[in-house]
Asks: 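First, the structure itself, so that you have it in front of you.
Convention: sequence-line order gives letters A, B, ...; per-chain numbering from 1.
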There are 2 protein chains.
Amino acid sequence: MSKKESNKDLSFDFDFLDKLVVGIGEVSQITGIPTRQIRYWEEKGIITSLTEEEGKNRRYNYENIKKMLLIKEMIDEGYTLDASAEKVKKRMEMIEETLNKLTKK
Amino acid sequence: MSKKESNKDLSFDFDFLDKLVVGIGEVSQITGIPTRQIRYWEEKGIITSLTEEEGKNRRYNYENIKKMLLIKEMIDEGYTLDASAEKVKKRMEMIEETLNKLTKK
DNA sequence: CAATAATTGTAAATTATTTACAATTGCAAA
DNA sequence: TTTGCAATTGTAAATAATTTACAATTATTG
């Protein structure tokens, strides 16, 4: 296996996650969160879909989905929706920061 | 961060990929393969969607998507569809095998 | 050119999602 | 208990996206 191919295999999942964009039905299936609840969270500004035009179907990326899963966890632990959203926001910022340090050339 | 949480963070993407199931529109967006072509490949038996009942929307998992991307690559390299499918099938079986060896307790 | 592979086009029917308005549930403070 | 707010859920009508089926078109190979 050539160097190029090998590299491609290793970086594949990251490329994939970058491109990954899914609809609300899939997010619901993946996360177990009802579509109605996802729309409600979005309505409240807790999450932000990538939807280009209003009326078109909502699109979510990996970060969105990750966020929803984390919020769901916090809510299950007893936090309110707003508190959960706040905590998750900070946590994701921290992870982001750490990742930046790790990947910085 | 507790041991449990830390473990969860590390294994998260794998769990995620396991649960990941997307519709044909998303696959098309992700891979750049037109929906019409995806249906054609499926019709020919090259790929197999997870669709439960006929008439319902097609669902694809990570393995399906990976396969389509690989086939697309081979076709771009000049192989016929059938040859591409065959090569990809073998390649994926090899990867599967290797993974099994790696993860075997 | 003929034959086959591969892809693409599209109409009509069906499935999935959106928006908007409303009702319901849960919980904590007065 | 009831009052108020947070959070969720229900649903109808309109729209978006997908399915199937039949067909046409384009590429490639002998």
Asks: When the nearest nucleotide of DNA chain D is assigned to A/Gly55 and to A/Asp82 on a heavy-atom basis, which residue is associated with the more 5' position?
Replies: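 By nearest-heavy-atom nucleotide position, the 5'-most residue is A/Asp82.
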Asks: In whole angstroms, how far is the P atom of D/dT9 from the CD1 atom of A/Ile75?
Replies: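 One finds 10 Å between P of D/dT9 and CD1 of A/Ile75, rounded.
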Asks: Write down the distance between CD (A/Glu26) and C1' (C/dA16), rounded to a whole number of angstrom.
Replies: 10 Å
Asks: A/Ile24 has a side chain; which of C/dT17, C/dT7, D/dA7 sits nearest to it?
Replies: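 Of the candidates, C/dT17 comes closest.
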Asks: Quick one: A/Glu42 CD to D/dA7 P, roughly how many Å, whole number?
Replies: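 It is 17 Å, rounded to the nearest whole Å.
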Asks: Go through D/dT8, D/dT20, C/dT18 for me and flag the one nearest to the B/Arg39 side chain.
Replies: D/dT20
Asks: Is it true that A/Glu73 and A/Tyr79 share a donor-acceptor pair across their side chains at a distance under 3.5 Å?
Replies: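 No pair is found: no donor N or O on one side chain lies under 3.5 Å from an acceptor on the other.
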Asks: Nearest to the B/Glu54 side chain among C/dA6, D/dT20, D/dT18, which nucleotide is it?
Replies: D/dT20
Asks: Measure the distance from OH on B/Tyr79 to C1' on D/dT29 and round it to the nearest whole Å.
Replies: 18 Å
Asks: Just N and O in the side chain of B/Trp41: are any of them under 4.0 Å from OP1 or OP2 of C/dA6?
Replies: no
Asks: With respect to the phosphate group of D/dT9, does any side-chain polar atom (N or O) of A/Gln37 fall under 4.0 Å of OP1 or OP2?
Replies: yes
Asks: Less than 4.0 angstrom from a charged side-chain N to a carboxylate O is my criterion; do B/Arg59 and A/Glu26 meet it?
Replies: yes
Asks: Starting at OH of A/Tyr40 and ending at C1' of C/dA20, how long is that distance when rounded to a whole Å?
Replies: 16 Å
Asks: How many Å lie between CD1 on A/Ile38 and C1' on C/dT19, as a whole number?
Replies: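 Computing the A/Ile38:CD1 to C/dT19:C1' distance gives 16 Å.
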Asks: When you match B/Lys56 and B/Lys44 each to their closest nucleotide on DNA chain C, which lands nearer the 5' end?
Replies: B/Lys44
Asks: Could you tell me whether B/Thr80 contacts a base, only the sugar-phosphate backbone, or nothing, with contacts defined as non-hydrogen atoms closer than 4.0 Å?
Replies: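 Counting heavy atoms under 4.0 Å across all strands, the contact made by B/Thr80 is with sugar-phosphate only.
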Asks: In this structure, are over 12 heavy atoms from other groups packed under 6.0 Å from A/Glu42 atom CD?
Replies: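 Correct, the count exceeds 12.
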Asks: For B/Glu52 and C/dA16, give me the distance from atom CD to atom P, rounded to whole Å.
Replies: 10 Å
Asks: Check if the side chain of A/Arg36 and the base of D/dT9 share a donor-acceptor pair of N or O atoms closer than 3.5 Å.
Replies: yes
Asks: Does a side-chain heavy-atom distance below 4.5 Å link B/Tyr60 with B/Met68?
Replies: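 B/Tyr60 vs B/Met68: side chains touch.
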Asks: By the 4.0 Å heavy-atom rule, please label B/Arg58 as base, sugar-phosphate, or nothing.
Replies: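 B/Arg58: backbone/sugar contact only, no base atoms under 4.0 Å.
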Asks: Would you say A/Glu93 has more than 12 foreign heavy atoms packed within less than 6.0 Å of its CD?
Replies: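 Yes, the 6.0 Å shell around CD holds more than 12 heavy atoms from other groups.
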Asks: In this structure, how many angstroms lie between the P atom of D/dT18 and the CD atom of B/Glu53, rounded?
Replies: 18 Å
